[in-house]
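Each remark here refers to the structure printed beneath this line.
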Amino acid sequence: MRKIIHIDMDCFYAAIEMRDNPALKGIPIAVGGARDRRGVICTSNYEARKYGVRSAMATAHALQLCPQLTLLPVNIPKYKAVALQIRELFYSYTEKVEPLSLDEAYLDVTECQQYQGSATQIAQAIREEIFTQQQLTASAGVAPNKFLAKIASDWNKPNGQYVITPKQITDFIVQLPVNKIPGVGKVTAQKMQDMGITLCADLQKLAIEQLIEHFGVFGQKLYAYCRGVDQREVEAQRVRKSVSVEETFANDLTNMTHCADRIAELFNQLVQRLKPYSENTIKNQFVKVKFNNFTQTTAECISADLKLNVFQQLCQTAYQRYQLPVRLLGVGVHFRDEEKAINTVSEQLILNI
Ligand code: TTP
Ligand code: MG
């Protein structure tokens with residue numbers, strides 16, 4: 001059973017604009033293209049939503065609905081910078097982050113150790129950290145799969161979260177309106193309504209063959225979704241370039257023997273940290289040494305095999321450079337850039353031909 005969190009920022013572009021100009025708080029605003037350029041609304045704040053101003057609506061129409069609407073130009077570089085900082089925060093919890101857009105991501109926290117592995121508390125902590133760092137609110141859904149997590153993040157929006165535990169799936173899903181299922185748009189929802197189907201409970205009564213007959217290949221997904229089932233994995237997109245472990249010592253290490261002992265401990269930790277990356281190819285290995293005068297030096301070598309004596313040798317090399325008491329030691333590896341490696345291979349193949 002997985003633990004998935006879906007995070008979605010509240011009124012993302014509009015919230016950033018309100019944060020950066022408090023005069024915009026409490027009045028209806030929207031971010032989008034200008035009316036005279038036939039622009040559309042990207043998003044609006046909750047004050048504007050009361051008037052019916054929505055994403056993807058023509059700005060001209062939005063201004064008819066809400067003549068006092070304050071329209072702000074779209075500043076994608078600014079929103080992107082915020083989004084990347086929020087993403088870094090996600091990575092401090094797990095590598096398994098799948099961004100869906102600038103303001104939305106799935107996180108697989110099944111293996112997370114923080115908060116005794118409680119996905120609910122992790123989601124709460126992430127939302128609090130986003131607020132502390134960015135003064136922006138986020139909503140979260142916590143569930144055993146992506147489909148349910150995404151629906152859950154909308155349940156207590158804005159600035160809220162909703163949890164669906166494995167035990168709650170059955171009760172949750174039967175009362176879920178079919179138009180909440182991703183992929184069920186207006187047309188499909190109408191078709192279902194014509195068939196007397198409004199809730200997932202109604203969909204559950206149809207056999208998979210019937211679902212396929214009426215809704216094509218999507219019928220297979222519907223069969224699973226209306227039972228709260230979704231096997232899709234969170235697809236992490238970041239490629240790790242390196243893994244390292246380091247330690248700052250309470251008391252400086254005064255000779256190479258002490259350093260060699262500590263390198264052995266760090267080496268064991270590095271081997272543990274590298275376990276999830278068994279498919280990556282190691283390009284080079286390094287030892288970082290920081291001395292008590294804060295001078296820092298790194299010794300590295302090209303080698304794919306992990307061997308303790310290689311790291312101890314590197315430590316010796318780095319230590320010799322200054323021979324001062326050592327306050328920090330680090331060991332790590334850089335991975336080969338597989339994309340480049342593939343290009344090199346194909347270039348070689350072309351040359352061979
Ligand atoms: P959403 O998460 O759909 O919307 P939102 O964050 O503004 O509001 P909510 O509180 O309901 O989550 O989209 C995120 C951002 O993507 C949104 O701030 C603006 C942009 N966007 C567009 O540019 N065009 C669109 O049609 C939509 C839906 C979003
Ligand atoms: Mg959002």
Side-chain angles (χ1 to χ4, degrees), residues 4-21 24-35 37-63 65-66 69-87 89-90 97-107 123-124 126-131 133-143 146-162 177 179-187 189 234 237:
I4 310 294
I5 300 176
H6 178 257
I7 306 235
D8 189 324
M9 300 299 296
D10 303 323
C11 311
F12 190 49
Y13 297 180
I16 295 174
E17 298 299 347
M18 290 192 287
R19 174 194 72 177
D20 295 348
N21 179 4
L24 299 172
K25 281 183 188 160
I27 61 167
I29 70 154
V31 176
R35 168 169 42 189
R37 294 204 204 128
R38 300 219 265 162
V40 292
I41 301 294
C42 290
T43 194
S44 53
N45 65 356
Y46 285 93
E47 284 75 10
R49 288 182 197 192
K50 283 182 207 149
Y51 293 86
V53 176
R54 296 273 181 276
S55 299
M57 173 182 279
T59 300
H61 185 202
L63 286 164
L65 294 172
C66 178
L69 184 71
T70 299
L71 184 72
L72 298 144
V74 191
N75 186 347
I76 296 290
K78 175 156 96 170
Y79 314 143
K80 205 168 181 177
V82 176
L84 291 180
Q85 285 175 22
I86 294 171
R87 213 167 281 172
L89 202 155
F90 297 157
V97 176
E98 181 182 342
L100 297 177
S101 65
L102 284 185
D103 93 320
E104 217 183 316
Y106 288 115
L107 279 67
Q124 184 72 37
I126 290 176
R127 291 176 44 243
E128 280 168 16
E129 268 187 77
I130 293 176
F131 190 76
Q133 284 182 17
Q134 302 287 346
Q135 292 83 54
L136 295 172
T137 62
S139 297
V142 182
K146 289 191 344 183
F147 162 67
L148 292 171
K150 179 148 174 132
I151 291 171
S153 72
D154 226 27
W155 220 250
N156 279 332
K157 208 174 215 325
N159 198 16
Q161 65 182 57
Y162 189 77
N179 63 3
K180 292 277 179 189
I181 301 176
V184 177
K186 272 192 190 141
V187 177
V234 169
Q237 289 177 352

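Throughout, residue positions are numbered sequentially from 1 according to the sequence presented. Whatever order the structure lists ligands and atoms in, that order sets their numbers, starting from 1.
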Paired with Met9, the side-chain contact (heavy atoms from CB on, under 4.5 Å) test is passed by just one of Ile16, Leu102, Ile86, Val82, namely Ile86
Could you check whether Asn156 and Ser139, counting side-chain N and O atoms only, form a donor-acceptor pair closer than 3.5 Å? no
Near the Mg ion (ligand 2), meaning under 2.8 Å, the protein N/O/S atoms are Asp8 OD1, Met9 O, Asp103 OD2
Any donor-acceptor N or O pair under 3.5 Å, side chains Gln134, Gln85: yes
Sorted by chain and residue number, the side-chain hydrogen bond (donor to acceptor under 3.5 Å, both in side chains) partners of Glu104 (sequence neighbours excluded) come out as His6, Lys150
query = Should the ring pair Tyr162 and Trp155 be called parallel, tilted or perpendicular, given that the plane angle runs from 0 to 90° and is split at 30 and 60?
reply = tilted
Counting heavy atoms not belonging to Lys180, are there more than 12 under 6.0 Å from its NZ? no
Taking atom NZ of Lys80 as the centre, does the number of heavy atoms from other residues, nucleotides or ligands within less than 6.0 Å exceed 12?
-> no
- Task: May I ask you to establish whether Arg49 and Tyr46 are in a cation-pi arrangement, using a distance under 6.0 Å from NZ or CZ to the six-membered ring centre and at most 45° from the ring axis?
- Result: yes
Sorted by chain and residue number, the residues with a non-hydrogen atom under 4.0 Å of ligand 1 are Asp8, Met9, Asp10, Cys11, Phe12, Tyr13, Cys42, Thr43, Tyr46, Arg49, Ser55, Ala56, Asp103, Lys157
Would you list the atom pairs, donor with acceptor, under 3.5 Å between side chains in residues 28-35 and any protein atom, with sequence neighbours excluded?
none

